Amino acid sequence: MEHVSIDLWAANLQPAVPDLQTWLAQLDARAAQTAARGAQMLVLPEFACAQWLSFAPLDMVPAQTLSYLAETGALALDAIAAMAARHGVSILPGTIPCAAPPVKGAPAFFNRAWLLTPEGGRHTQDKLSLTPLEAQGAGGTTAPGESINVIEWNGLRLAMIICLDSEFTDLWSRLGALDLDLVIIPAKTDMITGYNRVFGCARARAIELQTAVCVLGAVGVPFGQPLTDTGVGGASVFLPCDVNVSLDGTHAALAPQTAAMMTDPVLMARDIPTGACRRLRNGQAEAEVCPALWSAGHLEVSDPKAA
C-alpha cells in the first residue's frame, strides 16, 4: 500500500456506561464512521476497556479487576470481530487483559493489544515492560510479554508497541531490523510527563526507523474527577523528517487532551505515506539521511571504567 488511512480515537474513559452492549454500540458507531470515511483501521488507547468497570459487580474487590476485565473481554472480542467483518475495517480496541500462566501460584494476566481484521484475523501483542503499578500487582498480577510480533496487514508489516515499551531504546533497536511499515502505540498516561515521554519517543522512533508511527492515549479515568484528574490523552502520527516525506515529521496530531476538557476526539489520519517511507528506509529513494540503514555493531567502546 502506498497510503493508509487510520482513525485514532483518544477515548474518554470518564463517562460511565451501563453495560457491555452500550459500550459495543458506541464502538460500532465509530467503526461505521471509519468505514464511511474510507479509512482502513480504527484504533483505541491502552485500557480503553477500563470503562467496563462502570458496570462491574458492586462487591468486586480491586484485586479482581484484571480477572473481570479478561472475562468481559472474552465476550467483547467476539462482538468486535463481527463488527470488523461487518464494516470492512480492522479494529484495534486498545488493550484487554488476557490470562497468562500463574505467577507464584496466583492467577496472572498479560496486558494484551488486539488487532481484529475483516478477514477474521486476530493478532496480538503483549506489553513487554511493566509500570511500577503493574509490577506491584495493582488490580491483579500482570505478567510481561516475551515476544515481538510482526503482523502482515494489507500488504504492510506492522507492529503494536504498548505505552511504556515506547521508551526503551534496546527494544527499538530490535524493531529497527524488522523493516516495519507501521508502528501503532496504544497508551494511557497519568500525567503530562508520561504523555510527553511516550509521544516524544514515538516521534524520535519515526525518524530513527524511517517509518510511520501512530500513537494515542486515553483521556481521563473511570470514576475520576475531571477537574483534578492529571491524566492526559491525545493522538499523533509521526513520520521521518525528510523533504520527500514530511518537513516537520508530523503527519497529523491532536493537542494534549486533559480530563477537564471533557473531550472524546478522533484523529482522522488520512493518506499516511507508507510507500514513501518504505523507499527511504530501504535505500530505494534519495534521502537526506538514512538512520534505518546504519548499525553501531562495528564500534568499539573506549571507557576508563570498563578497563
Side-chain angles (χ1 to χ4, degrees), residues 1-6 8 39-41 43 90 92 112-119 121-129 145-187 198-216 236-252 269-299:
M1 295 179 68
E2 277 295 302
H3 299 87
V4 62
S5 296
I6 298 176
L8 303 170
Q40 291 82 43
M41 186 188 297
V43 184
S90 294
L92 197 167
R112 177 167 290 179
W114 299 80
L115 177 63
L116 310 181
T117 70
E119 301 78 25
R122 294 194 183 196
H123 307 283
T124 64
Q125 175 63 57
D126 296 329
K127 192 173 186 178
L128 303 172
S129 56
E146 297 182 346
S147 66
I148 301 168
N149 300 328
V150 177
I151 301 164
E152 297 284 348
W153 176 78
N154 287 9
L156 303 178
R157 292 172 58 79
L158 178 154
M160 300 181 287
I161 299 300
I162 302 169
C163 199
L164 181 61
D165 293 340
S166 66
E167 301 182 31
F168 297 106
T169 56
D170 196 34
L171 170 61
W172 287 86
S173 68
R174 298 284 301 278
L175 295 175
L178 300 178
D179 190 26
L180 297 172
D181 294 295
L182 186 65
V183 179
I184 300 177
I185 305 174
V198 171
F199 278 65
C201 286
R203 183 169 187 170
R205 304 315 182 196
I207 295 171
E208 180 183 5
L209 271 63
Q210 292 184 292
T211 194
V213 177
C214 302
V215 56
L216 78 161
S236 294
V237 178
F238 297 117
L239 300 173
C241 290
D242 190 279
V243 68
N244 294 308
V245 177
S246 173
L247 298 183
D248 63 0
T250 301
H251 180 75
R270 301 181 186 277
D271 297 328
I272 302 169
T274 51
C277 292
R278 184 185 313 112
R279 287 187 288 276
L280 282 181
R281 184 172 62 252
N282 292 324
Q284 297 168 353
E286 184 176 352
E288 296 176 58
V289 292
C290 297
L293 299 178
W294 190 84
S295 169
H298 62 288
L299 300 178

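As the structure is a prediction and not an experimental result, all values here were calculated from the model.
- Taking Phe238 as the reference, nothing meets the ring pair (Phe, Tyr, Trp, His ring centres under 6.0 Å) condition, with sequence neighbours excluded.
- Shown here are the side chain to side chain contact (heavy atoms under 4.5 Å, CB included) partners of Arg270, two or more places apart in sequence or in another chain: Ser5, Arg37, Met268.
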In residues 149-158, what donor-acceptor pairs under 3.5 Å come from side-chain atoms, sequence neighbours left out?
residue : atom : partner : partner atom : Å
Asn149  : OD1  : Ser147  : OG           : 3.1
Asn149  : ND2  : Thr124  : O            : 2.8
Glu152  : OE2  : Arg157  : NH1          : 3.1
Trp153  : NE1  : Ser90   : OG           : 2.8
Arg157  : NE   : Leu178  : O            : 3.0
Arg157  : NE   : Asp179  : O            : 3.4
Arg157  : NH2  : Leu178  : O            : 2.9

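- A search for salt bridge (Lys or Arg N to Asp or Glu O under 4.0 Å) contacts involving Glu2 returns Arg279, not counting sequence neighbours.
- Atoms CZ and CG, on Arg205 and Leu180 in that order, are 13.5 Å from each other to the nearest 0.5 Å.
- Val213 has its side chain out of reach of Arg203: every pair of non-hydrogen atoms, C-beta onward, lies at least 4.5 Å apart.
- For the atom pair CD1 (Ile148) and CE (Met160), the distance works out to 12.5 Å, reported to the nearest 0.5 Å.
- Remark: Asn244 CG to Leu239 CG distance equals 12.5 Å, nearest 0.5 Å.
- Applying the salt bridge (charged side-chain N to carboxylate O under 4.0 Å, His left out) test to pairs two or more places apart or on separate chains, none has a residue in residues 286-298.
- Applying the salt bridge (charged side-chain N to carboxylate O under 4.0 Å, His left out) rule to pairs touching residues 159-170 yields Glu167-Arg197, sequence neighbours excluded.
- Side-chain contact check for Ile185 versus Cys214: every heavy-atom pair is 4.5 Å or farther apart.
- Atom CG of Leu280 and atom OG1 of Thr211 lie 10.5 Å apart (nearest 0.5 Å).
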